[in-house]
Amino acid sequence: MARTAWIEMLFPPLVALLVALVAGDLLILAYGQNPAAVWHLLVDGTWGNFYGIGQVLYKATTLCFTGLSVAIALRAGLFNVGAEGQLAAGGFGAGLAGLLLPATMPWFFAFMLMFLAAALCGSAVAAVPGVLKARFGAHEVIATIMMNFMVLALLNYLVAAHLHTPETLHTQSIASGLVPRLSVLLPVFHGSAANWLIVLAILAALLVGVVLFASRFGFELRAVGLQVGAAENAGISVGSTWIRAMLLAGALAGLGGLNFVLGYKGFYEDGFAGGAGFLGIAVALVGRNHPLGVVISALCFATLSQGGLAIHALVPKQMVEVLQALVILAVAMAVPEVRTRLARSVRGKP
Amino acid sequence: MRALLVLVAVLLSVHVGLLLLRPAGSSEQVGHGPRVGIVFDMGGRGDKSFNDGAYVGAMRAVAQLGAQVRFVEPGEGSDREAGLRLLAAEGMDLVLGVGFIFSDDLMELAVEYPQTAFAGIDFAVPTGNDGKPVTLPKNLAALKFREEQGSYLMGALAALSSPNKKIGFVGGMDTPLIHKFEVGYKAGAKRVCPECEVVIQYAGVTPEAFRNPGKGKELGLSQYQHGVDIIYHAAGSTGLGVFEAARAMKKRAIGVDSDQWAEAPGVVMTSMVKQVDTVVYEAVAQVKAKQFSGGMHQFGLAEGGVGYVYDDHNRGDIDPQVRKQVEELKALIIAGQIAVPSERR
């Protein structure tokens, strides 16, 4: 039986990967390049040296947070398309708190306050769709998309019109509470943006795992996600579960903003989110809404994103985006197909 | 089960087979000139302005200087530095960032890679704690344009061509960079026609103000209805709305950054052009001749960094007398006899 479990875990992603690779090969050939050369550049620019690894880890940190955000909402049956706005709001909250705090404040307090600011801002943005859904039944997809537009436009205005330093689109640098880079302790990562917030990302994944699978709230959340009517009949308050799930999702996405603001640049910059919130949807779906799966798929998407810069020498940027989409498609198609075939073959041989 | 194993085996062998294919012409062409890396701004290729200008200049350097050029189009924030770093680490002779947004990253990398030449277009020189601009590293060139000089000529040209003695300006985002266009334009108009009225309006205070043709049309229509004859815009695609208004009102407009005649033939009498391509080409040429020098470089009329369009398309739109006067002003600016203001007083 153990063997079947392994096969069931191993096969679907393997087939998906191979499908994506073959489709990528064809695409690269169609563009007139040698696939081996392109893949080699991609691996070389990501996992081939410590700088590349550091960049992948940095990008994976943000994606891990947004992926967890989407995943936990999906577990409650809510499709959180608003991670982008929540991420930006979290980063802005941290950046603004950092500006207001006195420079002499001890690191720990400054960091904790900015941490709270990021989580609260993310939560606040996510709370609106949550409440609208719970109280009025407004569809969360529409509400989260609209919140994205409003939040991004508002932040853009605040920074561009009031908070920016001259001739830039970012705020003043934060004085205290910044998170050091990995290269401070591990010089091999020199130059890369990877920082110790990656530890926070892993802790967040663990916490989400504990909450989902070992707490009463997590049980209720999953029950609501699986079957609203049944959960309601069992005495679970559906509305409050939805709101709490969105608050948690927003806080997670908001904390992702710390990675850029505290871990990399030390200031809030307009547009820093750059699609990491939307990519969180793919991260969560490919990771099957499981915290461990999210961590792994965040690393995969970060690799593709960083690798995209590296293979620029041979193929255009749009090609990388198409490759990324191919991976998502392959996972979406190949995984269920392989799963049913496996189930059939297992059933066929008792 | 067996079917799946076969599937995996087939996919794997197809993949390995494809890896061996090497399409003709896939090896990179190798020149002997300087190796140049260019990182584009977020807008990327196809903006018909800034990034495309840099691309044209780079391609000319490939053709005429034998330069080997690599381009990077960044995705999100950390990709800017990563792109520059990638190129610097590859040992490029010149690494170029297109747009003010690269300023911080270029400063950092220029210190880290002292052997590599760095250049930033529209580079924003940061101010230190003492309120003065900081000294740039020796291997970093800040390439800035004197938009106010080109705008000065546009102001003179518009004022001389306006029967009502009333001309307009539509800016995009209300920032010091766009104020350069505004004050130059106004000064030029007042020089040739002190009694002329210059109407100045902005589309907004956020970057969205550069992408809002609807707002541009609204501002344009209201100015034309109030008797303005010619509007000069410095507003990105918002300016396309100004052209729209001019077409509807049968008035005229002046384009910006690149030659915008084709956007509205007969309506766009000329355009103030920023020669990003020339500046990029020159930077590569300097590196090739080992004459690259860091610090601030301003490109005005004298250096050919800014100018205006006068060719077969629009020759009929500009009165020869007006053209003559504008050319005289141009000569005076180049000779240093006219100092064009660049800031609001």
Side-chain angles (χ1 to χ4, degrees), chain A residues 7 11 14-15 18-19 21-22 25-26 28-29 31-37 39 45 51 55 58-59 153 156-157 159-161 165-170 191-193 260 264-265 269-276 305-306 308-310 312-314 316-317 320-321 338 341-342 345-346 348-349, chain B residues 1-5 7-8 10-12 14-28 40 42 44-45 70-79 81-83 85-86 89-90 100-101 103-104 108-109 112 122-127 173-177 204-209:
Chain A
I7 290 173
F11 255 102
L14 182 68
V15 172
L18 281 171
V19 170
L21 275 177
V22 170
D25 287 339
L26 293 174
I28 294 165
L29 280 171
Y31 186 72
Q33 286 292 354
N34 169 231
W39 297 127
Y51 169 72
Q55 284 298 103
Y58 168 77
K59 289 176 178 234
N156 178 273
Y157 164 75
V159 173
T165 49
E167 291 198 61
T168 70
L169 276 178
H170 60 73
S192 79
F260 180 92
Y264 177 39
K265 281 292 190 185
E269 179 179 290
D270 188 46
F272 85 88
S305 167
Q306 177 65 18
L309 278 180
H312 232 308
L314 297 179
K317 177 190 178 196
V320 182
E321 285 161 9
V338 172
R341 272 171 180 274
L342 272 174
S345 72
V346 169
K349 283 188 289 180
Chain B
M1 193 63 226
R2 181 167 301 158
L4 275 174
L5 279 176
L7 175 71
V8 168
V10 167
L11 282 172
L12 200 62
V14 169
H15 173 57
V16 171
L18 288 174
L19 286 186
L20 298 175
L21 287 182
R22 211 171 275 275
S26 62
S27 57
E28 278 184 281
F40 289 115
M42 299 292 183
R45 291 278 321 283
R70 263 195 64 182
F71 301 103
V72 173
E73 283 181 59
E76 39 115 7
S78 72
D79 284 350
E81 184 193 332
R85 197 176 276 280
L86 192 83
E90 268 182 29
F100 75 89
I101 194 110
S103 305
D104 303 332
E108 200 180 314
L109 283 167
E112 209 170 306
D122 267 2
F123 188 95
V125 182
T127 39
M173 181 178 169
D174 198 339
T175 60
L177 179 68
V205 291
T206 68
E208 280 306 308

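Here the structure is a predicted model, which is why all the values come from computation and not from measurement. Labels below follow one simple rule: chain letters A, B, ... track the order of the sequence lines, proteins then strands, and each chain is numbered from 1.
Among the candidates A/Ile28, A/Asp25, A/Leu26, A/Leu29, the single residue satisfying the side chain to side chain contact (heavy atoms under 4.5 Å, CB included) test with B/Leu21 is A/Leu29.
To the nearest 0.5 Å, atom CG of residue A/Asn34 and atom CG of residue B/Leu19 are 7.5 Å apart. Taking CG of B/Asp104 as the reference point, atom NE2 of A/His170 lies at 4.0 Å (rounded to 0.5 Å).
Using a 4.5 Å cut-off between heavy atoms, B/Glu90 makes no contact with chain A at all. Within the 4.5 angstrom heavy-atom criterion, no atom of B/Asp174 approaches chain A. Of the two parts of A/Leu14, only the side chain, counted from C-beta on, holds a non-hydrogen atom closer than 4.5 Å to a non-hydrogen atom of chain B. Heavy atoms of B/Leu86 lying under 4.5 Å from chain A belong exclusively to its side chain. There is no contact between A/Val159 and chain B, counting heavy-atom distances below 4.5 Å. Residue A/Tyr31: no heavy atom, backbone or side chain, is found under 4.5 Å from chain B.
In terms of heavy-atom pairs under 4.5 Å with chain A, the best-connected choice from B/Ala89, B/Ala124, B/Gly204 is B/Ala124.
Annotation: side chain of A/Leu309 is not in contact with side chain of B/Arg85 (no heavy-atom distance under 4.5 Å).
A/Gly191 and B/Glu81 make their closest contact through O-OE2, 3.6 Å (heavy atoms, listed as atom of the first residue, atom of the second, distance).
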